[in-house]
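A note on names: the letters A, B, ... follow the listed sequences, proteins ahead of strands, and every chain is numbered from 1.
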Amino acid sequence: MAENNSGGGGGGGGEVEANQTIYINNLNEKIKLDELKKSLLAVFSQFGKIVEVLAFKTLKHKGQAWLVFEDVSSATKALHQMQGFPFYDKPMRIQYAKTKSDVIAKADGTFVPRERRKRHEEKGKKRKEQHDASQAGMPIPAYAGTYGSAPPLSQIPYPGGVKLPEAPAPPNNILFVQNLPQETTPMMLQMLFCQYAGFKEVRMVEAKPGIAFVEYGDEMQSTVAMQELQSFKLTPQSSMLITYAKK
DNA sequence: AGCACA
């Protein structure tokens, strides 16, 4: 049952052979790497086990990510099903990665460390000696298991229109806390937030249960508190969402 | 646009 992509109509060129790793570009470059990777993981783990998510912020690699699946079939499903998927307001462009990921090669035993990777190498050189990789030092037993089977995020809606937390608000010394359980009191929040330097006060809005504002002396301080307490669970079933308050 | 493995 080998599936043939029968060319079909048009499309660009540059098709690459199937790979366990998909290469995604046209990603929103404003999203912080950590969040981006978590969101990718959350959105893509429906297609199968993900071994690794890689993304870099260097100029040459912004807006791109590599997603390593355990199986090629998962990668293929993901590639087709998520092609063009709106992600942080931009349609994802997905291809197979051009080369095998290191984590896979390591599990294969075909990993060969790229020693000849200097900054600027002679660019006339062709490297054709990729014929064999029988031994690459010691064989590595299995995947390092970068991610367990359970993705940390479980608040991702579904394909068709994503609304991921998009960090729209610029830094602010006041934090906006959402998704608090009904029984939250200002005192509870104060105990949590006063641990961090610059804490000033907690304000809850009685008309709207579930939210609070927490003020710090400056943006640096509020940022630290936000990072430390992001997704903190006051109860097992609800984790708080912290963003900067709008100005 | 841009295919890496910090």
Side-chain angles (χ1 to χ4, degrees), chain A residues 5 10-45 47-130 132-148 151 227:
Chain A
N5 44 345
E15 247 118 85
V16 188
E17 213 180 337
N19 192 313
Q20 279 162 269
T21 302
I22 55 174
Y23 167 76
I24 309 173
N25 67 2
N26 198 42
L27 293 168
N28 191 326
E29 298 178 11
K30 296 186 300 245
I31 309 304
K32 294 191 300 294
L33 281 192
D34 185 56
E35 179 183 338
L36 182 76
K37 292 205 266 187
K38 279 197 291 187
S39 297
L40 285 170
L41 183 64
V43 163
F44 277 92
S45 30
F47 301 103
K49 171 130 185 249
I50 292 169
V51 179
E52 194 173 23
V53 181
L54 293 158
F56 313 89
K57 60 162 176 253
T58 54
L59 190 57
K60 195 177 173 205
H61 303 292
K62 277 198 295 185
Q64 300 156 75
W66 288 260
L67 223 89
V68 188
F69 284 96
E70 197 168 50
D71 309 299
V72 183
S73 63
S74 307
T76 300
K77 272 186 289 176
L79 185 148
H80 290 120
Q81 199 162 325
M82 299 300 281
Q83 192 62 264
F85 180 72
F87 193 65
Y88 294 106
D89 291 329
K90 301 188 67 178
M92 293 192 212
R93 298 278 109 91
I94 313 176
Q95 299 166 257
Y96 293 113
K98 284 182 179 159
T99 58
K100 185 188 285 186
S101 294
D102 284 358
V103 64
I104 300 298
K106 284 173 181 168
D108 267 352
T110 62
F111 178 69
V112 36
R114 43 186 158 274
E115 38 211 315
R116 303 192 45 112
R117 270 281 163 158
K118 291 298 159 107
R119 281 297 152 135
H120 14 267
E121 203 169 320
E122 301 103 327
K123 27 200 143 180
K125 289 264 177 160
K126 301 176 189 176
R127 23 182 202 166
K128 204 69 165 118
E129 57 271 302
Q130 204 184 344
D132 165 37
S134 44
Q135 286 129 326
M138 12 177 195
I140 284 130
Y143 302 120
T146 306
Y147 298 106
Q227 285 166 353

**Q** Between B:dC5, B:dA4, B:dA6, which nucleotide has the shortest distance from any of its atoms to the side chain of A:Arg114?
**A** B:dC5
**Q** So which nucleotide from B:dG2, B:dC3, B:dC5 ends up closest to the side chain of A:Lys62?
**A** B:dG2
**Q** Return the set of residues passing side chain to side chain donor-acceptor pair (under 3.5 Å) with A:Ser101 (not counting sequence neighbours), or none when no residue passes.
**A** A:Thr21
**Q** Would you indicate which nucleotide in B:dC5, B:dC3, B:dA6 comes nearest to any side-chain atom of A:Leu54?
**A** B:dC5
**Q** May I ask whether A:Trp66 stacks on the base of B:dA4, given the cut-offs of 5.5 Å between ring centres and 30° between planes?
**A** yes
**Q** Is there side-chain contact between A:Glu17 and A:Tyr96, with at least one heavy-atom pair below 4.5 Å?
**A** no
**Q** On a plain distance test, is the side chain of A:Ser101 in donor-acceptor contact with the base of B:dA4 below 3.5 Å?
**A** yes
**Q** Send over the distance from A:Phe69 CZ to B:dC5 P, rounded to a whole Å.
**A** 21 Å
**Q** Taking OP1 and OP2 of B:dG2, is either one under 4.0 Å from a side-chain nitrogen or oxygen of A:Lys60?
**A** no
**Q** Parallel, tilted or perpendicular: which one describes the rings of A:Tyr23 and A:Trp66, with boundaries at 30° and 60°?
**A** tilted
**Q** Could you state the CG-C1' distance from A:Leu79 to B:dC3, rounded to the nearest angstrom?
**A** 14 Å
**Q** Rounded off to whole Å, could you give me the CG-to-C1' distance for the A:Asp102 and B:dA6 pair?
**A** 12 Å
**Q** Could you please name the option among B:dA6, B:dG2, B:dC3 that lies closest to any side-chain atom of A:Gln95?
**A** B:dC3
**Q** Rounded to the nearest angstrom, tell me the gap between atom CG in A:Leu67 and atom P in B:dC3.
**A** 17 Å
**Q** What pairs with A:Asn19 under side chain to side chain donor-acceptor pair (under 3.5 Å), at least two apart in sequence or on another chain?
**A** none
**Q** Nearest whole angstrom, please: distance from the P of B:dA4 to the CD of A:Gln64.
**A** 9 Å
